[in-house]
Structure formats: C-alpha cells, structure tokens
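Read through the structure below, which is laid out as structure tokens, and then see the notes.
FYI, side chains are in, hydrogens and waters are out, and symmetry mates aren't considered; it's all heavy atoms of this structure. Quick note: residue numbers are just sequence positions, from 1. If you're wondering where the values come from, they're calculated on a predicted model, not measured in any experiment.
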Amino acid sequence: MATEEQPARKAKASADGREAGAPGAARRSLPPVERVESPEVKRRIFMRWVMWGSAFLFFAQSAAASLAMFWPRKVVGFGTKMDVGPVSAFPVNSVTKFAQGKFWLSRTPQGAIALYWRCTHLGCTVPWREDEQLFHCPCHGSIYERNGQNIAGPAPRPLDYMTVEVVNGHLVVNTGEIHERAVALPQHMTPV
C-alpha cells in the first residue's frame with residue numbers, strides 16, 4: 001500500500017513543480033503566513049513616540065525659556081515714566097516726595113521740577129526740611145533751594161532733575177532721564 005502511495009505523492013509534487021526532499025519543499029507547502037503584531041512591537045512603537053515626544057517637549061521648553069529671557073519685563077518705579085497725578089494736586093510752593101521714583105516734585109510759581117534726591121557731593125539721599133524750607137543733606141551739610149540750586153556745603157552743583165511733561169492735565173515724570181546742570185535755570189522748570 002505504501003508503495004502505491006509514494007508514486008502518487010511524487011506525481012503530485014512534480015505537478016506542483018517541486019521534487020520531494022528538495023530544499024524549501026516544506027515551506028512552499030505551508031499556507032501563507034498572516035502578519036500578526038505582537039505586543040512587544042506595539043510597546044516598541046509606543047516607547048519611540050514617548051522618546052520623541054519627550055525630546056520635543058524639552059526643546060520646546062528650552063525655546064520658550066530663551067524667548068522669555070529676551071522679553072522685556074514690566075518695570076515700575078525708578079527708571080520708568082510715572083504719572084504722579086493731576087497738576088491741581090500740587091499747589092504752588094509744595095514739595096512732594098515720591099520714594100518709588102527717588103525724586104522730589106517741587107512746584108514753584110515758574111512751574112514744576114522733579115529733583116533727583118541724590119546729593120551731588122557724595123550721593124547721600126537729600127531730604128526736604130519743612131522747617132527750613134530747604135533741602136538739607138544729612139551727610140555733609142549741603143543745602144539746596146526749592147529749585148535744587150546748591151547754596152551751601154560741599155555740593156559742587158545743583159540737584160539733578162528729571163524730565164517732566166504735562167499729559168492730559170497730569171504730571172508725568174520720566175525717572176529714566178536725569179539731567180545734570182551747572183546752575184539751576186528757569187528753563188529747567190516745566191510750565192504748568
């Protein structure tokens with residue numbers, strides 16, 4: 001019986017175009033393999049996306065931090081323009097302190113002037129003395145008038161002044177523009 005089946009198999013194999021016992025004969029006889037993704041392949045793809053996503057986030061944060069470093073920050077007080085209020089809030093012959101801007105606003109009959117409170121001798125803070133009606137430096141005794149003119153002590157020149165503008169009835173002091181002067185002149189006052 002076995003002898004009758006062997007020639008029939010050989011005939012079928014030769015009809016399929018292969019010889020029994022030839023290399024690859026067993027592979028050709030298998031049905032086509034369907035591609036099945038294993039869980040390991042899905043994890044590998046997932047880990048690849050996590051890696052690239054992490055790299056993207058890292059570079060995005062670095063770029064955002066770099067841009068934030070160059071973005072100007074909001075600065076208030078000294079070094080900026082300050083709206084100190086309406087002109088009517090400063091009567092003639094008044095002297096008002098603005099600690100945030102480091103200046104005194106002096107209103108005279110000629111106008112308003114913002115005096116930088118730093119003594120021109122050695123840089124001490126110069127207070128306004130209401131009882132003397134003068135600026136009197138506590139460090140070395142330099143004395144300044146209401147318009148900033150030095151009249152006594154070692155100070156070599158008047159107090160420096162800042163640019164003052166009248167905008168919509170308000171006094172605006174630019175604390176970033178400080179002017180030195182050899183003598184106090186009426187044109188240093190801002191007419192109000």
Separation of [Y] [atom2] from [X] [atom1] (nearest 0.5 Å):
| X | Y | atom1 | atom2 | value |
| --- | --- | --- | --- | --- |
| Met82 | Leu171 | CE | CG | 12.0 Å |
| Leu159 | Glu145 | CG | CD | 11.0 Å |
| Thr108 | Asn93 | OG1 | CG | 7.5 Å |
| His188 | Asn147 | NE2 | CG | 10.0 Å |
| His136 | Cys119 | NE2 | SG | 10.0 Å |
| Trp104 | Thr125 | CH2 | OG1 | 10.0 Å |

Task: Qualifying salt bridge (charged side-chain N to carboxylate O under 4.0 Å, His left out) pairs with a residue from residues 44-70, counting only residues at least two apart or across chains - done: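 The answer is Glu40-Arg44.
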TODO: Sorted by first residue and then second, give each salt bridge (charged side-chain N to carboxylate O under 4.0 Å, His left out) pair with at least one member in residues 153-167; sequence neighbours left out.
DONE: Lys81-Glu165, Arg157-Asp160, Arg157-Glu180
Over all atoms of both residues, closest heavy-atom pair of [X] and [Y]:
| X | Y | value |
| --- | --- | --- |
| Ser142 | Ala155 | OG-N, 3.1 Å |
| Arg146 | Phe135 | O-CE1, 3.8 Å |
| Val126 | Arg118 | CG2-C, 4.3 Å |

Task: Listed partners of Glu132 passing salt bridge (charged side-chain N to carboxylate O under 4.0 Å, His left out), at least two apart - done: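 Checked Glu132 against salt bridge (charged side-chain N to carboxylate O under 4.0 Å, His left out); matches are Arg129.
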- [ ] Kindly check if Cys139 and Cys124 bring their SG atoms closer than 2.5 angstrom.
- [x]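 Yes, disulfide present: SG-SG under 2.5 Å.
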Task: Lys97 backbone acceptor or donor facing Trp117 side chain under 3.5 Å - done: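 Judged by distance alone, no pair lies under 3.5 Å.
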Open item on the list: Closer than 3.5 angstrom, by distance alone: can the side chain of Thr175 be matched with the main-chain N or O of Thr80 as a donor-acceptor pair?
Closed with: yes
Open item on the list: More than 12 heavy atoms of other residues, nucleotides or ligands under 6.0 Å from CE of Met47: yes or no?
Closed with: no
TODO: Mind running side chain to side chain contact (heavy atoms under 4.5 Å, CB included) on Gln149 and Val183 for me, showing each step along the way?
DONE: CA-CA 7 Å; Gln149 178 63 53; Val183 63; 3.3 Å; yes
Contacts of type ring-ring contact (aromatic ring centres under 6.0 Å, His included), residue [X], not counting sequence neighbours:
| X | answer |
| --- | --- |
| His170 | none |
| Phe90 | none |
| Tyr144 | none |

Applying the 4.5 Å side-chain criterion to the ILVMFWY set and letting contacts propagate, would [X] and [Y] be lumped into a single cluster?
| X | Y | answer |
| --- | --- | --- |
| Phe103 | Leu134 | no |
| Val172 | Tyr161 | no |
| Val95 | Ile143 | no |

According to side chain to side chain donor-acceptor pair (under 3.5 Å), who are the partners of [X], at least two apart in sequence or on a separate chain?
| X | answer |
| --- | --- |
| Gln61 | none |
| Thr190 | none |
| Thr163 | Glu177, His179 |

Open item on the list: Considering only residues two or more places apart or on different chains, which pairs with a residue in residues 38-67 satisfy ring-ring contact (aromatic ring centres under 6.0 Å, His included)?
Closed with: none
Open item on the list: Please enumerate all residues that pass side chain to side chain contact (heavy atoms under 4.5 Å, CB included) together with Val92, with sequence neighbours excluded.
Closed with: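 So Val92 forms a side chain to side chain contact (heavy atoms under 4.5 Å, CB included) with Arg107, Pro109.
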Open item on the list: Suppose we screen for side chain to side chain contact (heavy atoms under 4.5 Å, CB included). Which residues come up paired with Pro138, at least two apart in sequence or across chains?
Closed with: Pro127
Open item on the list: In this structure, is the centre-to-centre distance between the rings of Tyr116 and Phe78 below 6.0 Å?
Closed with: yes
